[in-house]
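Before I ask anything, here is the structure I am working with.
For reference, positions follow the sequence shown, starting with 1.
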Amino acid sequence: MIHSLFLVNASGDIFLEKHWKSVVSRSVCDYFFEALERATEPENVPPVIPTPHHYLINVLRHRIYFVAVIQSEVPPLFVIEFLHRVVDTFQDYFGVCTEAAIKDNVVVVYELLEEMLDNGFPLATESNILKELIKPPTILRTVVNTITGSTNVGEQLPTGQLSVVPWRRTGVKYTNNEAYFDVIEEIDGTYTFDPVTKLLSWDVGKINPQKLPSLKGSMSLQAGASKPDENPTINIQFKIQQLAISGLKVNRLDMYGEKYKPFKGIKYMTKAGKFQVRT
């Protein structure tokens with residue numbers, strides 16, 4: 001199954017690697033770097049890259065490439081889904097899945113990867129089970145581990161490991177029984193940029209003035225590079241909370257298979273697709 005995992009940052013540097021069976025040389029990633037150079041955009045790297053002796057299967061999340069090394073043919077979507085589970089687990093444990101967060105919690109990262117794969121095959125990928133096996137890092141726990149030399153590994157086996165619903169811990173009771181569902185819409189629009197005034201206008205149609213839109217952006221620089229004086233590349237995200245701009249509404253929501261009467265809630269969100277603004 002999965003022999004090794006390499007994490008590659010936006011600068012093309014391997015900053016973490018994990019091997020489960022035999023150690024695979026970093027040189028195998030040269031085929032990935034060649035595909036990265038040929039790609040017009042970071043998202044256009046082929047998800048499956050064949051090499052003479054291995055297959056490289058990768059996903060891009062949070063400007064980090066997660067590259068899995070496979071020695072035999074396996075369903076690619078199976079490996080891709082596992083890689084997404086790894087990213088979601090890191091984000092659940094550390095709040096964000098960034099290079100800095102992974103390096104700051106490198107011990108927990110290796111402990112999680114050791115539990116998530118057994119001899120290269122997925123074992124424990126549910127967050128509730130992992131949190132019973134590996135305690136999430138906290139400032140107090142980090143200080144105690146530093147002083148006592150202990151680790152975040154739990155002392156008891158997870159109670160939900162053999163459950164028919166492994167994502168739910170056994171014996172869980174809530175004061176309020178609630179169920180929430182998200183309705184997320186993506187919208188297209190036309191934009192214009194005035195190079196004189198440096199003003200970007202994006203026309204998405206009529207927006208409810210009571211629902212304020214949110215526009216956030218980020219700019220990433222290569223390690224060691226100086227801050228550009230002008231013309232940076234900016235990644236921006238557009239969202240409107242609690243609004244479906246198409247007017248789509250949920251008229252009725254039914255739940256079956258539960259004896260209790262839960263509270264049912266719907267959350268709306270409108271967002272734009274991923275794009276770049278090159279000033």
Side-chain angles (χ1 to χ4, degrees), residues 1-8 14-26 28-29 32 47-51 53-62 64-99 101-138 141-142 145 149-172:
M1 189 60 178
I2 300 178
H3 280 67
S4 301
L5 176 66
F6 295 93
L7 271 58
V8 182
I14 301 175
F15 66 92
L16 187 139
E17 60 184 271
K18 169 65 178 175
H19 308 278
W20 283 274
K21 293 186 177 180
S22 57
V23 177
V24 179
S25 173
R26 286 189 172 192
V28 73
C29 293
F32 169 78
V48 181
I49 303 173
T51 72
H53 303 287
H54 305 86
Y55 293 94
L56 305 182
I57 301 179
N58 69 90
V59 299
L60 174 63
R61 295 279 300 273
H62 307 290
I64 299 176
Y65 290 98
F66 292 76
V67 184
V69 180
I70 316 296
Q71 288 189 342
S72 59
E73 291 190 9
V74 297
L77 291 180
F78 187 75
V79 180
I80 290 174
E81 174 62 23
F82 173 77
L83 294 178
H84 283 294
R85 282 295 183 96
V86 171
V87 179
D88 295 339
T89 300
F90 289 171
Q91 192 165 5
D92 188 24
Y93 263 72
F94 313 135
V96 293
C97 182
T98 61
E99 180 181 356
I102 293 174
K103 287 182 177 179
D104 291 341
N105 301 277
V106 65
V107 175
V108 179
V109 167
Y110 278 109
E111 290 174 345
L112 287 172
L113 293 176
E114 194 67 33
E115 295 294 341
M116 295 183 74
L117 277 186
D118 181 19
N119 197 30
F121 290 87
L123 178 62
T125 59
E126 295 294 341
S127 179
N128 278 332
I129 294 177
L130 287 171
K131 286 183 178 179
E132 293 188 50
L133 289 169
I134 310 296
K135 301 299 181 183
T138 62
R141 186 172 290 122
T142 302
N145 291 347
S150 56
T151 65
N152 292 339
V153 179
E155 298 179 355
Q156 298 180 350
L157 292 176
T159 56
Q161 180 74 46
L162 302 178
S163 172
V164 293
V165 281
W167 51 266
R168 181 182 175 93
R169 297 190 305 271
T170 59
V172 176

query: Do Val74 and Ile2 come within less than 4.5 Å of each other through their side chains, counting heavy atoms only?
result: no
- request: Decide yes or no for Thr89 and Ser127: does some side-chain heavy atom of the first lie under 4.5 Å from some side-chain heavy atom of the second?
  value: no
- line: Separation between CD1 (Ile80) and CZ (Arg85), nearest 0.5 Å, reads 14.5 Å
task: Hey, could you give me the NE2/CD1 distance between His54 and Ile70, rounded to the nearest 0.5 Å?
output: 9.5 Å
query: Quick one: are Pro47 and Val59 in side-chain contact, heavy atoms under 4.5 Å?
result: no
message: Return the CG to OH distance between Asn105 and Tyr110, rounded to the nearest 0.5 Å.
response: 13.0 Å
Sub-4.5 Å side-chain heavy-atom contact between Pro122 and Phe78: yes
- request: Measure from the side-chain N and O atoms of Trp20 to the backbone N and O of Leu113, and report whether any donor-acceptor pair falls under 3.5 Å.
  value: yes
query: Would a 4.5 Å heavy-atom cut-off, applied to side chains only, mark Arg61 and Asp88 as touching?
result: yes
Heavy-atom pair with the smallest gap, counting every atom of Phe90 and Cys97: CB-SG, 3.9 Å
task: May I ask you to test the Met116-Leu130 pair for a side-chain heavy-atom distance under 4.5 Å?
output: yes
field: Ile14 backbone acceptor or donor facing Tyr65 side chain under 3.5 Å
entry: no
message: Under the criterion ring pair (Phe, Tyr, Trp, His ring centres under 6.0 Å), I'd like the reasoning laid out for His19 against Phe6: C-alpha separation, chi angles, the key distance, then a yes or no.
response: CA-CA 9 Å; His19 308 278; Phe6 295 93; 5.7 Å; yes
- line: Rounded to the nearest 0.5 Å, the CD atom of Glu81 sits from the OG1 atom of Thr125 at a distance of 8.0 Å
field: Verdict with supporting geometry, Val87 and His62, side-chain contact (heavy atoms from CB on, under 4.5 Å)
entry: CA-CA 9 Å; Val87 179; His62 307 290; 3.8 Å; yes
message: So for atom CZ, which belongs to Phe15, do other residues, nucleotides or ligands contribute more than 12 heavy atoms lying within a distance under 6.0 Å?
response: yes
message: Under the rule for ring pair (Phe, Tyr, Trp, His ring centres under 6.0 Å), what residues qualify as partners of Phe66, not counting sequence neighbours?
response: none
- request: Any chance you could measure Thr51, atom OG1, to Gln71, atom CD, to the nearest 0.5 Å?
  value: 9.5 Å
query: Which heavy atom of Ser22 sits nearest a heavy atom of Ser4, and at what distance?
result: O-OG, 3.9 Å
message: For a 4.5 angstrom cut-off between non-hydrogen side-chain atoms, does Phe94 reach Asp104?
response: no
- prompt: Out of curiosity, Leu112 CG to Leu133 CG, how far, rounded to the nearest 0.5 Å?
  reply: 9.5 Å
